[in-house]
Amino acid sequence: MELPLVVGLREDERMATKNEIIGILEEIGVILEIKGENPFKTRAYINAARTLEGLEEDLQTLVEEERLDKVKGIGKAIAEKISRLVTEGELPYYTDLKASIPHGLLNLLDIPGMGPKKIKAVYKNLNIHSIEELKLACEKGKLQTLDGFGKKTEEKILKGIENREAYMARHLWWDAHEIAEPLVTALRELPEVEKAEIAGSLRRKKETVGDLDFLASSLSPAPIMEWFTSRPEVQEVTAKGETKASVRLTGGLQADLRVVPPEQYAFALHHFTGSKEHNVALRSRSLQRGYSLSEWGLKAEKTEEIPKDILTEKALFDFLKLPFIPPELREGREELERLEGKKTPELISNTDLKGVFHNHTKASDGKSSLKEMAHAAAQIGWEYLGISDHSKASFQANGLNEKELINQIQEIKDYNASADREIHLFAGIECDILSDGSLDLSDEVLAECDYVIAAVHARSGQKGPDETSRLIAAMENPLVTMIAHPTGRLLLQREPYELDHRKIIDAAAANGVVIEINSHPRRLDMDWRWWRYAREKGVRASINPDAHHTDHFAYTLAGVNIARKGWLQPEEVINTMNLKAVREFLRKRKSDG
Ligand code: DGT
Ligand code: CA
Ligand code: CA
């Protein structure tokens, strides 16, 4: 399924309008249900929304030609409302309806387990209008007294509220990066600034960040503080001192800036890059050597001597007899011990990639055609591109059946043989793993592909085998090249499936299956914390953008960040291989099983 686009990537404008209308119809349905209206009326709006989602014809055209009420699933009254939204962009019926229920009530829909019926029940019986009130009621055990709510439901709702609070406090790395990058660039251009850097979790490339930490070196901080606190994107200045300021930016992200004199810069940069756990470890190493380390500098415990000439982080690590430790590895997971006496590891970088495997086209739920994808990938300089549309079980994503896949494979062969070919295309499929662990398409058809990505898209439910067994069953099929986004998590949105990562990694090692690093900024799955074990077992990664549009190839950057956090080196990532080597790799996997 395609995920909502992240900040900065444009959707087609008319699509957005249609999506907005779908959202409004759904909302009307929900409000009517909360108000206890006739269920048929409620259903009609929900059905109309579903119909619009699956509409093949252009909505604008249907409205202009007054044919909307002829579409099955859309009645006359609703067709009129949709037309009004298309032509005028507003609908008084909807505005009035929305005003007829307490503001904030619809926010309750964001809590897992809270549908229209339950919202109606808490509103009518407990007069609950907001998430805050709902939380309080759960804590006091009031919900379990209502009909249709048990103790379990109450616990689940409370957990959902707590998760949401935690989610809102953090931001995707990608979104934060897009905001921070232009700010640090502008900061560096100020005449008073000698050096400037983004520190904190953003520099460590954590999958989510709490706030932004900027650091600058300068001898005249005042104009820098002034500049920072008066940016147009600053909503509120929460603190402003001579060398420190904190602001809240549009979108809710907080940002701190510190300005330090040049001789402190390396220490401050290291300190504010963190992590806290890494800092604690480095400080203790420093103490063992007789020096106390802080954000201000190094000082000899006994002699009060201050070591000179530490102007870079590298010099600081040198002084402590360590190789330079890249920020991505500074997570307090024994990086000092692991790098003692060694060189800085050569972590993978985005320019090492020679192609990517997990990509969709218009044949399933992608927004770009096969040729557009091929052209964009060639422009990046890649040598190959794998096409892997969804399989038929993902009907909501318009997945391919056997025949459609065979046709696409032929289309790819024709492309590769054609004179205007710009890149080598590999024919693949993102094949659903069904609830019993079997694959959605027959082995006979899968064998026609150059590679197969096996993916879980729906939980197995109570009856089937657990998620771990399903994935392992799929990996035991010799036609499976790699597994996609193993936990199905959506950062800050949906918790991961409960997986036994160790078993999954062991099975990948035993079967020679590659594990994807899904680079969609909301997935970043498999998680970087598991790559240490996977590397020990010799499991290789494929960094895949999960692109549904040519713009999404850019996501590989986020995937590379995660690979770096997992200590991965280029040779451990299959898509750093050149065309010849990777073709051989895929062929061998297919024939050896
Ligand atoms: P975040 O913002 O929650 O995503 O994570 P960070 O790591 O950016 O944390 P933040 O913004 O609170 O602080 C930035 C860095 O400053 C942090 O990574 C390490 C350093 N730091 C902050 N507070 C402490 C502390 O109490 N002890 C030590 N050793 N370092 C700290
Ligand atoms: Ca931070
Ligand atoms: Ca901070």
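Model, not experiment: these values are computed from the prediction. These values consider heavy atoms only, across backbone and side chains, with no hydrogens, waters or symmetry-generated copies. Start at 1 and go down the list; that is how both ligands and their atoms are numbered. When a residue number appears, it is its place in the shown sequence, counting from 1.
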Check for me whether [X] meets the cation-pi criterion with [Y], that is, NZ or CZ under 6.0 Å from the six-membered ring centre and within 45 degrees of the ring axis.
X	Y	value
R564	W528	no
R330	F317	no
R258	F272	yes
K118	F149	yes

Provide the atom name of the closest N, O or S atom of [X] relative to the Ca ion (ligand 3).
X	answer
D213	OD1
D211	OD2
D256	OD2

Selected option - heavy-atom contact closest to atom 11 (O) of ligand 1, from T273, D256, L282, D211 |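 Looking at heavy atoms only, D211 sits closest to atom 11 (O) of ligand 1.
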Does atom 26 (O) of ligand 1 have any protein heavy atom closer than 4.0 Å?
->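 Yes, there is a protein heavy atom closer to it than 4.0 Å.
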Evaluate the 4.0 Å heavy atom contact test for atom 22 (C) of ligand 1: does a protein atom fall under the cut-off?
->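 No, no protein heavy atom sits under 4.0 Å from atom 22 (C) of ligand 1.
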Nitrogen or oxygen of [X] less than 3.5 angstrom from that of ligand 1:
X	value
T208	no
G210	yes
R204	yes

Please name the residue in the list H548, H520, H552 that meets the ring-ring contact (aromatic ring centres under 6.0 Å, His included) test with H360.
->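 The passing option is H548.
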Does the side chain of S275 pick up a donor-acceptor pair with the side chain of E277 at under 3.5 Å?
->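 Yes.
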Can you list the ligand 1 atoms lying under 4.0 Å from a non-hydrogen atom of V209?
->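 Taking each heavy atom of V209 in turn, ligand 1 has 4 (O) under 4.0 Å.
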